[in-house]
Q: 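Below is one structure. I have some questions about it.
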Amino acid sequence: MSSFKSFDIAGSGMAAQSVRLNTTASNLANADSVSTTAAGVYKARHPIFEAVRAQLATPGIQPESQPAVRVSGIYESTAPASQRYEPGNPLADANGYVFAPAVNVVEEMVNMISASRSYQNNVEVMNTSKDLLLATLRLGQG
Amino acid sequence: MPLSLDQYVSVHATALDVRARRGELIANNLANADTPNYQARDIDFRQAMARAAGDKTVGGVSLSTTQTGHIGGASSANAATNPDLKYRTPLAPALDGNTVDAQIEQAAFAENAVRYQATLTFLNAKFRGLLTAILGS
């Protein structure tokens with residue numbers, strides 16, 4: 001029996017959710033970073049989650065796989081930057097436009113709440129697993 | 001008559017094992033609550049226990065063994081710790097193909113934790129009984 005696996009699983013979940021929180025923080029912080037060109041503008045970043053799947057080994061023998069979640073990559077949003085007419089802005093181009101990143105602040109806030117709830121879930125799993133493991137260690141003592 | 005400790009703790013040791021395995025599975029479901037196309041899994045506890053008790057009629061297909069050299073096949077390999085896993089039926093389908101319902105998984109995890117502790121209590125009582133018999137007080 002390897003109850004320590006629960007710690008690895010919950011840990012991987014916490015790591016993945018904190019990556020998601022980090023990207024959300026980055027997106028929110030840069031929501032108003034305008035740029036002179038459409039190409040130079042900040043692009044929203046989002047993580048891609050992936051379940052670590054069991055590799056099919058010899059039939060009949062359970063493969064020694066580590067179930068968990070991992071971040072397989074972070075992609076940059078391809079949504080086009082929005083144009084704003086701000087002739088007074090020193091970053092404005094020849095026509096008086098600045099380019100703002102296509103960051104949806106509401107979407108990012110929802111992402112943040114979802115990530116923090118999922119993180120808390122994993123913390124609870126870890127706490128409960130720890131309590132159960134400690135109780136198992138005390139088996140026969142009282 | 002020699003006392004077999006395995007027999008003495010009887011079904012509780014197996015139950016503890018299955019509970020630990022189920023806890024891992026649900027932890028995995030919760031860790032993958034936001035993973036697209038992830039499908040939540042769970043253990044059928046009744047089936048896992050019946051299998052561990054040597055009942056070959058429950059669930060799954062196993063190869064019949066007619067000679068001593070035969071290997072039982074998938075479902076009989078390490079039956080106690082490797083019972084057939086089931087997929088959870090989602091209450092509401094999600095657009096990203098994920099079938100984890102965080103609330104259901106949380107409830108299942110809590111239930112599993114309490115039952116794990118109940119099994120521990122049973123085992124503790126067994127050991128206390130044994131100790132009383134040994135010490136005579």
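Each chain gets a letter, A, B and so on, in the order the sequences are listed, and its residues count up from 1.
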Q: Any idea which heavy atoms bring A/Phe49 and B/Pro36 closest together, and the distance?
A: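 Between these two residues, the closest heavy atoms are O-CD, 3.7 Å.
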Q: If I take atom CG from residue A/Asp8 and atom CD from residue B/Glu24, how far apart are they, to the nearest 0.5 angstrom?
A: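 The distance works out to 9.5 Å.
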Q: Check for me, please, whether A/Met109 and A/Val103 land in the same ILVMFWY cluster - side-chain distances under 4.5 Å, paths through other members count.
A: no
Q: Within this structure, what is the CG-OG distance for the pair B/Asn28 and A/Ser12, rounded to the nearest 0.5 Å?
A: 7.5 Å
Q: More than 12 foreign heavy atoms under 6.0 Å from CZ of B/Arg41: is that the case here?
A: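 Yes.
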Q: Nearest 0.5 Å please: distance from the CG atom of A/Leu133 over to the OH atom of B/Tyr116.
A: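 The distance works out to 6.5 Å.
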Q: Could you check whether atom CG of A/Asn104 has more than 12 heavy atoms from other residues, nucleotides or ligands sitting under 6.0 Å from it?
A: yes
Q: With chain B as the partner chain, list the residues of residues 116-127 of chain A whose heavy atoms fall under 4.5 Å from it, by residue number, and write 'none' if nothing qualifies.
A: A/Ser118, A/Asn121, A/Asn122, A/Val125
Q: Mind checking whether A/Leu21 and A/Val110 sit in one hydrophobic cluster, side chains of I, L, V, M, F, W, Y counted as touching below 4.5 Å?
A: no
Q: Can you tell me how far apart OG1 (B/Thr35) and CZ (A/Arg70) are? Round to the nearest 0.5 Å.
A: 11.0 Å
Q: CG/B/Leu16 to OG1/A/Thr136 distance, rounded to the nearest 0.5 angstrom?
A: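 Answer rounded to 0.5 Å: 6.0 Å.
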Q: Do B/Leu25 and B/Met49 sit in one hydrophobic cluster, given that two such residues count as connected whenever their side-chain heavy atoms are within less than 4.5 Å of each other, even indirectly?
A: yes
Q: Mind checking whether B/Phe109 and A/Ser129 have side chains closer than 4.5 Å, heavy atoms only?
A: yes
Q: May I ask you to check whether over 12 heavy atoms, not counting those of B/Gln7, lie within 6.0 Å of atom CD?
A: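 Open.
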Q: Could you tell me whether B/Phe45 atom CZ has more than 12 heavy atoms of other residues or ligands within 6.0 Å of it?
A: yes
Q: If you measure from CG on B/Leu120 to CG on A/Leu139, what distance do you get to the nearest 0.5 Å?
A: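 Interatomic distance, B/Leu120 CG to A/Leu139 CG, rounded to 0.5 Å: 6.0 Å.
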Q: A/Ala16 versus chain B, heavy atoms under 4.5 Å apart: side chain, backbone, both or neither?
A: neither
Q: Top residue by heavy-atom pair count (under 4.5 Å) with chain B, among A/Thr128, A/Leu132, A/Ile48?
A: A/Leu132
Q: Quick one: which residue pairs count as a salt bridge (Lys or Arg N to Asp or Glu O under 4.0 Å) with a foot in residues 25-37 of chain B, not counting sequence neighbours?
A: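 Passing the test, one end in residues 25-37 of chain B: A/Arg20-B/Asp34.
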